[in-house]
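All remarks here apply to the structure that follows.
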Amino acid sequence: MDKGQQFTEYLFAKMGPGDRGPKTTEERSAPLEPTGWRKCVIHNTMLVVTLVGVVAGIALGFGLRPYQLGPDTLVLISYPGELFMRLLKLMILPLIIASLIAGSASLNAKMSGRIAVRTLVYFILTSMFNAFLGIVMAVLIHPGQPELKEDVLVAAGSKKDHSILDSLLDIGRNIFPDNIVQAAFQQAHTVYVEETTLLAKNSTENGTVPTLVRVVSYRSGTNTLGLVFFCLVFGSLLGSLGAKGQVVIDFFQAIFEVIMKMVAGVMWFTPFGVSSIIAGKILGVADVAHVMSQLAWFIATVAVGVFLYQLIVMQLIYFIVVKKNPYKFYWGLSHAMLTASATASTAAALPVTFKAMEGPLRIDVRITRFVLPIGCNINMDGTALFIAIAAVFICQMNNMTLGFAQLATIFLTSTAASLSSASVPSAALVLLLVVLSSVDAPAQDVSLLFAVDWLVDRIRTTNNMLGDCYAAAVVEHLSKNELMACDAASIEATTGITPSTEEALTTPGKQSIVSDDIVIDMHNHNNVERI
């Protein structure tokens with residue numbers, strides 16, 4: 001008797017007579033499943049609801065513009081969106097901590113290192129490609145015209161701009177925080193202050209320029225880089241403790257599941273929150289038509305670059321590596337992409353991204369909980385593209401001739417700046433100052449882009465979010481052998497039996513039948529092979 005028949009007979013022997021289902025089709029009373037457009041709407045309810053919120057927000061924003069609403073009314077219109085964003089941001093920190101610790105603890109230290117290397121290499125290569133693509137798009141389309149500077153007043157520059165060295169050193173300081181509690185609400189950054197000495201005071205009185213010194217200060221904001229590093233190390237060592245650390249792993253897995261249930265409830269407020277955010281942004285712009293006409297070529301350059309990378313380059317990477325239909329994967333991320341675009345934050349959309357990746361798309365939870373939290377803080381493909389285009393745009397507007405050396409500097413600094421970008425709205429404008437200072441471009445011209453950043457930020461954020469998801473899919477495919485070896489080691493540690501083709505029979509549900517015993521892998525993995 002072959003093993004398949006043995007397995008079938010074993011299941012029927014264990015099942016009672018009442019477990020075998022109705023004997024005739026007349027006894028079946030299950031409702032008929034919807035078909036056609038009804039099935040599509042039911043299976044994509046949250047996507048439809050979010051899309052309705054986006055359309056309603058655009059209609060409300062442009063519909064109320066002729067009434068010249070006062071500042072108090074604008075605050076009231078934006079208030080539901082503010083509360084929606086606060087609810088999403090409320091869950092980011094516990095979600096990142098729980099997912100990273102549970103994800104890294106489910107892998108051994110060696111495998112965590114391999115997956116981390118693959119993830120970082122993918123992030124760096126894609127960020128470099130986006131910076132290169134941005135430079136090419138800006139040079140070919142040439143959106144910057146000197147007349148723009150004459151039409152728009154620019155703000156005065158600051159006393160001292162950050163250098164690329166300061167930004168790189170700040171990355172290191174934030175990766176290795178000196179206080180993990182402080183890292184939850186503050187991050188280190190470099191500032192320049194006047195030297196407070198008697199000599200400096202005399203020089204100020206004499207009319208000379210005071211000396212500025214570099215000082216490491218702290219500003220409000222979660223130091224996600226430091227938390228990510230701490231959680232990865234903590235989770236990897238926790239997994240090496242074996243049975244002694246299992247109770248802590250279960251604790252963080254439970255936290256993750258509770259947060260995801262909270263997210264499921266918050267998502268039903270999406271249409272109100274998204275429509276409020278978009279309407280408030282549209283109503284907050286003084287003259288939309290004038291701003292759009294002035295910077296139309298810049299917006300078009302960013303949009304063409306973003307969608308060229310999304311619809312062609314990303315899909316080619318997925319098809320070549322994973323060898324599956326990339327557009328089916330792309331469609332599965334529609335709800336997360338709309339949420340990221342509406343909130344202009346990869347981190348705010350992280351709970352929705354988790355739900356899509358671990359649900360319909362069936363990416364291994366050990367990979368998603370490892371890659372996505374890191375990606376939302378490090379991988380900023382859209383930001384690299386935007387910074388490169390914006391830097392070339394401002395140089396063109398000032399009639400600066402960009403040679404190979406200047407373009408190479410923009411390429412390298414855009415890549416480095418994007419990797420240090422915070423996953424919050426409009427962070428790229430701060431990093432753009434670093435890139436402009438590296439090529440001696442006037443940094444005060446960044447104020448030209450503030451008027452349209454509310455729109456461009458929503459376009460480029462989709463690239464950031466999709467880059468994390470495609471990275472998880474690629475890393476999962478490249479790590480398939482290691483994941484299978486980890487499953488086998490887990491079964492061996494649980495049962496003391498080494499699975500082999502002669503001794504074990506593996507069912508489609510990942511249950512191993514050895515003799516007459518059933519061994520069920522109780523780890524919270526998602527090991528079902530995707531169709």
Side-chain angles (χ1 to χ4, degrees), residues 41 44-90 148 151-155 265-303 306-307 334-349 352 382 386 390 424-429 446-462 464-465:
V41 171
N44 298 280
T45 304
M46 291 308 302
L47 173 62
V48 174
V49 168
T50 306
L51 191 58
V52 168
V54 172
V55 175
I58 295 174
L60 184 65
F62 284 104
L64 294 178
R65 281 192 66 84
Y67 295 98
Q68 301 294 324
L69 302 177
D72 292 340
T73 308
L74 293 181
V75 170
L76 291 176
I77 292 175
S78 303
Y79 188 65
E82 180 186 349
L83 295 182
F84 178 69
M85 285 292 295
R86 292 173 73 91
L87 282 174
L88 288 178
K89 291 180 179 180
L90 173 69
L148 291 175
D151 296 337
V152 183
L153 294 176
V154 297
V266 172
M267 281 299 104
W268 290 107
F269 295 95
T270 298
F272 306 102
V274 167
S275 60
S276 172
I277 291 171
I278 295 178
K281 289 294 182 182
I282 293 175
L283 292 171
V285 180
D287 191 347
V288 176
H290 182 64
V291 169
M292 293 297 179
S293 62
Q294 282 186 326
L295 300 174
W297 280 108
F298 173 75
I299 299 172
T301 305
V302 175
V306 165
F307 291 116
S334 301
H335 181 213
M337 188 163 50
L338 268 178
T339 305
S341 179
T343 58
S345 173
T346 311
V352 188
F386 167 79
V424 295
S426 300
L429 290 178
V446 173
S447 59
L448 293 171
L449 305 180
F450 276 102
V452 295
D453 190 63
W454 65 273
L455 175 62
V456 178
D457 196 7
R458 281 158 173 75
I459 297 174
R460 67 173 181 261
T461 301
T462 57
N464 298 340
M465 188 277 301

### Message
If I take atom CG from residue Leu90 and atom CE from residue Met85, how far apart are they, to the nearest 0.5 angstrom?
### Response
12.5 Å
### Query
Between Ser275 (side chain) and Phe272 (backbone), is there a donor-acceptor pair under 3.5 Å?
yes
### Message
Ignoring hydrogens, what is the shortest heavy-atom contact between Ile277 and Ala342? Give both atom names and the distance.
### Response
CG2-O, 3.6 Å
#### Entry: Positive for side chain to side chain contact (heavy atoms under 4.5 Å, CB included) with Phe386, one of Val456, Ile459, Asp457
Val456
### More than 12 heavy atoms from other groups under 6.0 Å of CZ on Phe307
yes
### Side-chain heavy atoms of His335 within contact of Val48, under 4.5 Å
no
### Message
I need the minimum non-hydrogen distance between Ala279 and Leu60, along with the two atoms involved.
### Response
CB-CD2, 3.9 Å
### Task
Mind checking the CG-OG1 spacing from Leu295 to Thr301? Nearest 0.5 Å is all I need.
10.5 Å
### Query
Are the side chain of Ser276 and the backbone of Gly273 linked by a donor-acceptor contact shorter than 3.5 Å?
no
### Task
Report yes or no: does Thr343 contribute a side-chain atom to a donor-acceptor pair with the main-chain N or O of Thr339 at less than 3.5 Å?
yes
### Summary
Rounding to 0.5 Å, atoms NZ (Lys281) and CD1 (Ile278) come to a distance of 11.0 Å
### Task
Could you tell me whether a side-chain N or O of Thr461 sits under 3.5 Å from a main-chain N or O of Ser341, the two making a donor and an acceptor?
no
### Query
Is the closest side-chain heavy-atom distance between Leu283 and Phe62 below 4.5 Å?
no
### Step-by-step side chain to side chain contact (heavy atoms under 4.5 Å, CB included) determination, Phe84 to Lys89
CA-CA 9 Å; Phe84 178 69; Lys89 291 180 179 180; over 6 Å; no
### Query
Got a donor-acceptor contact below 3.5 angstrom from the Arg458 side chain to the Trp454 backbone?
yes
### Query
Okay, side chain of Asn464, backbone of Gly382: is any donor-acceptor separation there less than 3.5 Å?
yes
### Query
Does Ile282 offer a backbone N or O that forms a donor-acceptor pair with the side chain of Arg65 under 3.5 Å?
yes
## Note on the structure
The residue among Val75, Leu76, Ile77 that forms side chain to side chain contact (heavy atoms under 4.5 Å, CB included) with Thr73 is Ile77
### Message
If I take atom CG from residue Asp453 and atom CD1 from residue Ile299, how far apart are they, to the nearest 0.5 angstrom?
### Response
10.5 Å
